[in-house]
Amino acid sequence: MGELRLMKGNEAIAEGFIRAGVDAYYGYPITPQSEVMEYLMAEKPEERTGMVVLQAESELAAINMVYGAACTGKKIVTSSSSPGISLMQESFSYIAGSEVPAVVLNVVRGGPGLGDIQPAQSDYFQSTKGGGHGDYRQIVLAPSSVQEMYDFVNLAFDLAFKYRIMVLILSDGAIGQMMEKVMLDEQKPRLTNQEIKDRFDSWALTGRTPGREHNIITSLDLDQENLERHNFHLQKKYKEIEENEVILEEVSLEDAEYVFMAYGTSARICHKALQIARKEGIKVGLLRPITLWPFPEKKVKELASKVKGFLSVEMSAGQMIEDIRLAVEGKTKVAHFGRYGGVIHSPEEVVAALKSKIIGG
Amino acid sequence: MTQEIIIAGFGGQGVLSMGKIMAYSGVMQDMEVSWMPSYGPEMRGGTANVTVILSDERISSPILQIFDTAIILNQQSMDKFESKVKPGGTLIYDSNGITHFPTRKDINIFHIPAAKEAGRMGNIKTFNMIILGGFLKIFPIMKMENVIKGLKKSLPERHHKLVPMNQDAINRGMEIVETVQTL
């Protein structure tokens with residue numbers, strides 16, 4: 001039986017970590033996501049499931065604890081907000097190179113630099129294009145409600161282990177701080193060491209297994225031919241993810257002449273803007289990517305030949321719009337609208353932008 | 001039915017907790033709800049506000065610029081939010097500390113002398129529940145039994161002994177709400 005609660009997004013995801021049977025959380029506090037660790041500490045998950053919750057001395061320490069622990073095939077997670085996530089980028093690249101499954105939450109705040117502590121979506125480039133070095137990808141999930149903050153924990157770990165890849169849950173200060181009702185499901189038991197060995201013995205550091213070569217987890221390979229082969233393998237995996245793992249939500253696209261494209265908090269605002277515009281007789285729909293990478297390129301392409309224009313609505317100066325333009329290939333009008341630096345656009349502003357930049361523009 | 005509400009006042013008046021109790025009462029009544037606080041430096045500067053949405057349908061934007069109802073508990077909030085009530089909407093205020101009274105003619109206005117009443121009842125902390133009572137009198141959208149459930153869900157177990165006192169305050173708020181103007 002489920003359990004219905006009113007929770008903040010940050011609390012819901014923390015409860016989600018416990019109920020998903022996560023083995024360890026390593027983190028370092030930063031607004032607007034400090035409730036994640038605060039909630040975990042108060043809940044004493046070591047008593048509920050044996051889950052470890054540890055405050056590291058810095059974000060760098062936290063992500064490297066994640067990297068190390070995740071090498072053992074256990075479910076490991078960390079969370080931070082934009083400046084803290086920037087500090088972790090080097091390790092994201094190592095995690096990608098060594099193909100370790102891990103989950104990271106970014107509750108985005110206004111930037112650049114220390115910026116402010118208000119909600120923003122200006123980390124799209126960093127999240128989807130890679131803030132670290134090398135040819136790598138990470139799956140990016142964008143929740144737009146408190147329920148999705150909770151639900152995406154299991155989704156993220158399923159994907160992380162299916163592909164041995166890092167999954168970033170890209171939230172923002174609004175979804176982290178607001179309360180909505182959440183349906184919580186049953187506690188999943190943590191995997192036993194034997195279960196981990198049974199499932200992941202082919203790659204994970206599970207201790208010595210008689211008859212098996214020792215597993216080595218590293219991102220270093222000084223033989224360039226080998227490293228190129230490893231990169232071919234990674235690219236093949238990324239291609240497979242692009243083919244199979246796109247998730248999106250469509251609202252009123254059947255008869256749409258115009259499309260709002262937005263994720264997270266901005267998608268919620270666009271949903272309201274859509275209702276306002278539809279009352280005025282404007283046929284607008286909403287395409288909400290739930291996976292930002294893989295990006296719903298096919299869907300955008302398909303719409304591009306049918307609609308009169310896309311308005312990319314982001315709490316940034318315009319980042320996702322570049323992926324939309326690449327998919328649209330000049331077939332229809334594409335414009336950006338959004339407030340940023342921690343300011344959130346109103347539904348009325350979005351409708352006005354649709355009129356001025358797409359319909360009349 | 002959708003009610004888009006802003007509650008605004010000083011930090012310490014129980015603005016956020018009143019919003020939470022309202023939202024939890026909505027959950028208990030099987031409504032869709034959202035509770036979006038202002039957080040960060042503006043809170044530390046003294047003002048606190050929260051947007052609460054109660055609806056029979058899936059809630060779109062939890063962040064709004066204009067509201068069906070504004071519950072205004074200090075002058076700064078009056079200055080900021082009187083103009084943000086939709087035409088035909090409702091403004092509810094406590095005159096305690098208010099120097100410039102609302103002037104709009106295209107909205108419903110109600111007054112709840114909650115601070116005075118809370119003082120008279122001998123517990124200033126019941127202030128926000130008196131306001132909630134007034135709101136529920138004007139908008140009987142949630143049953144009292146669900147409000148009490150919401151109250152219990154919002155309070156830690158050790159504070160459940162305070163529920164009857166809060167219920168009295170809600171009832172008192174329902175009695176003392178005054179109509180200033182209705183359309």
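Proteins come first, then strands; the chains are lettered A, B, ... in the order of their sequence lines, and each starts at number 1.
- Of the atoms belonging to A:Ser144, not a single heavy atom falls under 4.5 Å from chain B.
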### Derivation and outcome, side-chain contact (heavy atoms from CB on, under 4.5 Å), residues B:Ile71 and B:Phe81
CA-CA 9 Å; B:Ile71 300 175; B:Phe81 292 112; over 6 Å; no
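- Of the candidates A:Val259, A:Leu286, A:Thr265, A:Leu286 is the only one forming a side chain to side chain contact (heavy atoms under 4.5 Å, CB included) with A:Cys270.
- Heavy-atom pairs under 4.5 Å with chain A peak, among B:Ser34, B:Gly19, B:Ala23, at B:Ser34.
- Looking at heavy atoms from C-beta onward, B:Ile112 lies in side-chain contact with B:Ile176 at the 4.5 angstrom threshold.
- Neither the backbone nor the side chain of A:Glu349 comes within contact range of chain B, judged by heavy atoms closer than 4.5 Å.
- Ring pair A:Tyr263/A:Tyr124 is tilted by interplanar angle, where 30° to 60° counts as tilted.
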### Query
Where do B:Arg104 and B:Glu82 land on the salt bridge (Lys or Arg N to Asp or Glu O under 4.0 Å) test, with the steps shown first?
CA-CA 8 Å; B:Arg104 281 180 61 181; B:Glu82 184 188 357; 5.5 Å; no
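- Contacts between residues 171-181 of chain A and chain B, counted as heavy-atom pairs separated by less than 4.5 Å, involve A:Gly173, A:Ala174, A:Gln177, A:Met178, A:Met179, A:Glu180, A:Lys181.
- With no hydrogens or angles considered, no side-chain donor-acceptor pair links A:His336 and A:Ser316 at under 3.5 Å.
- Residue-level contacts of residues 6-19 of chain A with chain B, in order of numbering, are A:Leu6, A:Lys8; threshold 4.5 Å between heavy atoms.
- Although no hydrogens or angles enter the test, the distance criterion places a donor-acceptor pair under 3.5 Å between the side chain of B:Gln181 and the main chain of B:Ile107.
- Ion pairing between A:Arg288 and A:Glu148 holds under the 4.0 Å rule for side-chain N and carboxylate O.
- Residue-environment remark: NZ (A:Lys279) stays at or below the threshold of 12 foreign heavy atoms within 6.0 Å.
- For a residue to count as touching a neighbouring chain, one of its non-hydrogen atoms must lie under 4.5 Å from one of that chain's; by this rule B:Met31 touches chain A with the backbone only.
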